[in-house]
Amino acid sequence: MQVALETINCLSIFKDFIVTIFKKVCFAVSALSVTPHLVLLFMAKPGNAIFRDIEAWSEKLLRRSSTQRGDLMLDAVRLLTGTAEFRNLFYYRLPRARFFKVLARPENTLHILTPDIGPGLFIQHGFATIISAESIGANCWINQQVSIGYTSSTGAPRIGDNVTINAGAKVLGNITVGDNAKVGANAVVIKNVPSDCTVVGVPARIVRRAGLRVDEAL
């Protein structure tokens, strides 16, 4: 019985060893496939917003808090090889990397057309999403099937810092969404949203202001 238990224990240790080696090999192969991307990332200026983006995505997806350049490079490998939406943002921040899309394909139905986006943007899922604002502030969160854009030939939304736009929401026209605002799922926003407010519904109404429940028209 003792011999059998020792044998099982040895097999378990050997299995864990093989799994660890396999994971390391897979990671190395993945890193090779995005080597051009990593070279461009390494060459990027320290102030490039992509580094704060990597921090934000690492916190939310990898459950890691990375701030050192080396850790961010490792996290970039994981994100580039495992998350299509991150690739879209990567190509937005580092346009020269678009020449290597064939090595790491982006999400085809996610379109980032905003000329000015602050650092720390996080896009969850990102399927069927159009981000065509005039500007977007820092540390914003955008979910899938969101439309941000125009209602006419001129005038797109201006979105502040720390804004969350949930799945299926539409934010349209020459409007402003204030800092720390939250747009509920499937809401239709065509008027200005004050800072520190949560809006829901069609058309959108304010249901929270500075953390307190309210019911106000925009």
Side-chain angles (χ1 to χ4, degrees), residues 37 40 44 47-54 56-57 60-61 79-80 83-101 104-206 218:
H37 302 70
L40 291 172
N48 194 305
I50 187 62
F51 295 108
R52 175 61 195 129
D53 296 333
I54 296 172
W57 287 66
K60 294 174 176 66
L61 293 185
L79 293 168
L80 283 167
T83 310
E85 297 87 349
F86 177 77
R87 296 171 203 150
N88 291 68
L89 184 58
F90 189 91
Y91 296 136
Y92 171 85
R93 300 292 194 196
L94 300 174
R96 287 186 295 175
R98 295 171 187 168
F99 292 106
F100 306 104
K101 279 185 178 181
R105 296 187 181 279
E107 168 55 58
N108 289 331
T109 62
L110 170 60
H111 304 281
I112 304 175
L113 307 172
T114 300
D116 181 18
I117 299 179
L121 176 64
F122 178 67
I123 305 168
Q124 188 175 46
H125 305 311
F127 174 80
T129 295
I130 298 176
I131 305 172
S132 185
E134 187 72 28
S135 63
I136 296 176
N139 304 315
C140 290
W141 179 313
I142 298 173
N143 279 87
Q144 72 273 20
Q145 296 180 305
V146 164
S147 294
I148 303 171
Y150 297 78
T151 55
S152 63
S153 59
T154 60
R158 295 169 300 281
I159 297 172
D161 298 335
N162 306 307
V163 172
T164 299
I165 303 177
N166 286 299
K170 281 82 175 170
V171 181
L172 305 171
N174 186 17
I175 63 173
T176 298
V177 179
D179 296 345
N180 309 308
K182 296 181 186 297
V183 179
N186 297 314
V188 176
V189 181
I190 55 174
K191 295 182 180 180
N192 294 336
V193 177
S195 298
D196 303 302
C197 287
T198 299
V199 298
V200 301
V202 183
R205 296 178 62 83
I206 302 173
L218 286 175

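For reference, positions follow the sequence shown, starting with 1. Only this structure's heavy atoms are used, side chains among them; waters, hydrogens and symmetry mates stay out.
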Checklist entry - Quick check: are there more than 12 heavy atoms from other residues, nucleotides or ligands sitting under 6.0 Å from CZ of R98? => result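 Yes, the 6.0 Å shell around CZ holds more than 12 heavy atoms from other groups.
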
Report the distance from atom [atom1] of [X] to atom [atom2] of [Y], rounding to the nearest 0.5 Å.
X    : Y    : atom1 : atom2 : answer
L94  : L89  : CG    : CG    : 9.0 Å
Q124 : Q144 : CD    : CD    : 6.5 Å
L80  : F100 : CG    : CZ    : 12.5 Å
I117 : I131 : CD1   : CD1   : 6.0 Å
E134 : I159 : CD    : CD1   : 11.0 Å
F122 : N139 : CZ    : CG    : 12.5 Å

Nearest heavy-atom neighbours spanning [X] and [Y]:
X    : Y    : value
A133 : I148 : CB-CG2, 3.8 Å
A204 : V189 : CB-CG2, 3.8 Å
G120 : D53  : N-OD1, 2.7 Å
T83  : W57  : CG2-CZ3, 3.5 Å
A156 : S132 : CB-O, 3.5 Å
Q145 : T129 : N-OG1, 2.9 Å

Please check: side-chain N/O of [X] versus main-chain N/O of [Y], any donor-acceptor pairing under 3.5 Å?
X    : Y    : result
T151 : L172 : no
S195 : D179 : yes
N192 : T176 : yes

Item to check | Trace of the side-chain contact (heavy atoms from CB on, under 4.5 Å) decision for T154 with N174 | outcome: CA-CA 8 Å; T154 60; N174 186 17; over 6 Å; no

Checklist entry - Under 30°, 30 to 60°, or over 60°: which ring-plane class applies to F90 and H37, parallel, tilted or perpendicular? => result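 Correct class here is tilted.
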
Item to check | L218 and I206: CA distance, side-chain angles, deciding distance, side-chain contact (heavy atoms from CB on, under 4.5 Å) verdict | outcome: CA-CA 7 Å; L218 286 175; I206 302 173; 3.5 Å; yes

Checklist entry - Side chains of D196 and N180: is there a donor and an acceptor less than 3.5 Å apart? => result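 Short answer, yes.
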
Checklist entry - Looking at side-chain heavy atoms only, is the closest gap between V188 and P203 below 4.5 Å? => result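 Side-chain contact under 4.5 Å: no.
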
